[in-house]
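Note sheet for the following structure.
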Amino acid sequence: MFESILSSATSSSFTVNEFLIAEVVAIVLGLIIGVAYMVACKNDGYSKNFIVGLSILPTVVAAVILFIGSDVARAFSMAGALTLVRFRSAPGNAKDISVVFLSMATGLGCGLGYIGYAVIFAVIAVILLIILSLSTFAKKPSNKKQLRVTIPENLNYTNAFNDVFEKFVNECRLTRVKITNMGTMFELTYEVSLKDESKEKKFIDELRTRNGNLNIIFGMMPAGNEGSLNG
């Protein structure tokens, strides 16, 4: 039994040249995917750690596939080892997850020996990623802005600014209520769309006369959080 295990572990179904070719191609494609993601997200911003992980992911996946080969025992052993690894990171958006799968699929193709197909797939996917990210495809036109108003605790925030909003705002939605200053004040966060952008100062002036000249923050919606404010 031990001889069969050792012979299975030491046997290799690939040569050194095949391993080097697969890894080099995976490294190059990983770097291309990383650069493409940086180009696609130059307006939204990106994390260096995510780019580094994205770039080396095809290399790791290709090596894992090469080491496992067609050995079922190795596959189960690798699955058991991976269950011990826990990834602790903030959940990404749909594009981030798709690019991670792109890197994994590229590494998978290199590991299985389909070098040409992996290159073609990566190039097509990268071009598509850049075109869709930099174009206006599926972009919802909106002039919504974020409004944060601080009011004293004795002011009823549910209808405190209704008349002001009716005068200056097309759409308005209260997204968050936060208690501040040891419970003596409320910070209200709205999504608003002004009827006339040129009357922005008049809008703010009427708000500050209503809230007693407390803090008012009015600006663009946070990137990637339009329609869903969490902070």
Side-chain angles (χ1 to χ4, degrees), residues 2-139 223-224:
F2 287 110
E3 289 179 356
S4 62
I5 293 176
L6 291 174
S7 63
S8 175
T10 56
S11 61
S12 176
S13 58
F14 58 90
T15 64
V16 175
N17 290 335
E18 292 173 343
F19 177 81
L20 292 176
I21 292 174
E23 288 297 288
V24 169
V25 174
I27 291 172
V28 173
L29 294 179
L31 293 174
I32 292 175
I33 294 173
V35 172
Y37 183 86
M38 293 169 60
V39 174
C41 298
K42 65 179 182 180
N43 294 328
D44 300 331
Y46 50 83
S47 169
K48 178 180 178 180
N49 291 334
F50 183 76
I51 299 297
V52 172
L54 198 65
S55 301
I56 66 175
L57 185 58
T59 309
V60 176
V61 174
V64 170
I65 296 301
L66 286 169
F67 293 152
I68 291 177
S70 59
D71 195 315
V72 178
R74 292 181 186 176
F76 279 106
S77 299
M78 183 62 66
L82 291 177
T83 58
L84 302 177
V85 181
R86 294 186 179 183
F87 299 94
R88 301 189 181 277
S89 60
N93 54 39
K95 183 167 67 175
D96 294 343
I97 297 173
S98 299
V99 177
V100 169
F101 278 113
L102 164 61
S103 293
M104 293 180 63
T106 302
L108 184 64
C110 293
L112 291 176
Y114 302 115
I115 305 297
Y117 291 114
V119 172
I120 296 173
F121 164 72
V123 170
I124 293 175
V126 161
I127 294 175
L128 185 63
L129 171 67
I130 294 176
I131 292 175
L132 294 181
S133 298
L134 299 183
S135 68
T136 57
F137 175 76
K139 185 176 182 180

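- Counting all heavy atoms, side chain and backbone alike, Gly34 lies closest to Leu54 at CA-CD2, 4.5 Å.
- For the pair Val61 and Met104, the tightest heavy-atom approach, listed with the atom from each and the gap, is CG1-O, 3.6 Å.
- A distance of 9.5 Å separates CD1 in Ile27 from CG in Leu20, rounded to the nearest 0.5 Å.
- Side-chain rings of Tyr114 and Phe121 stay apart, their centers remaining 6.0 Å or farther from each other.
- A distance of 10.5 Å separates SG of Cys41 from CD1 of Ile130, quoted to the nearest 0.5 Å.
- The shortest non-hydrogen separation linking Ala22 to Leu66 is CB-CD1, 3.9 Å.
- For the atom pair SG (Cys110) and CD1 (Ile65), the distance works out to 11.0 Å, reported to the nearest 0.5 Å.
- Shortest non-hydrogen contact noted between Glu23 and Ala63 is OE2-N, 3.3 Å.
- Between the OG atom of Ser98 and the CG atom of Leu129 there is a distance of 9.0 Å, given to the nearest 0.5 Å.
- Val123 is not listed as a side-chain neighbour of Ile32, based on a closest heavy-atom distance of 4.5 Å or more.
- Between Pro58 and Gly30, the shortest heavy-atom distance links the atoms CG-CA, 3.7 Å.
- Rounded to the nearest 0.5 angstrom, Ile51 CD1 and Ile33 CD1 are separated by 11.0 Å.
- The nearest pair of heavy atoms linking Leu102 to Ala125 is CD1-CB, 3.4 Å.
- Interatomic distance, CG of Leu128 versus OG of Ser133, reported as 8.5 Å (0.5 Å rounding).
- Below 30°, between 30° and 60°, or above 60°: for Phe19 and Phe67 the angle between ring planes is below 30°, a parallel geometry.
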### Message
Let's go through Lys42 and Leu134 carefully: what are the C-alpha distance in whole Å and the side-chain angles of both, what is the deciding distance for side chain to side chain contact (heavy atoms under 4.5 Å, CB included) to 0.1 Å, and is it a yes or a no?
### Response
CA-CA 9 Å; Lys42 65 179 182 180; Leu134 299 183; 4.2 Å; yes

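- In the displayed structure, Phe50 atom CZ is contacted under 6.0 Å by more than 12 heavy atoms of other residues, nucleotides or ligands.
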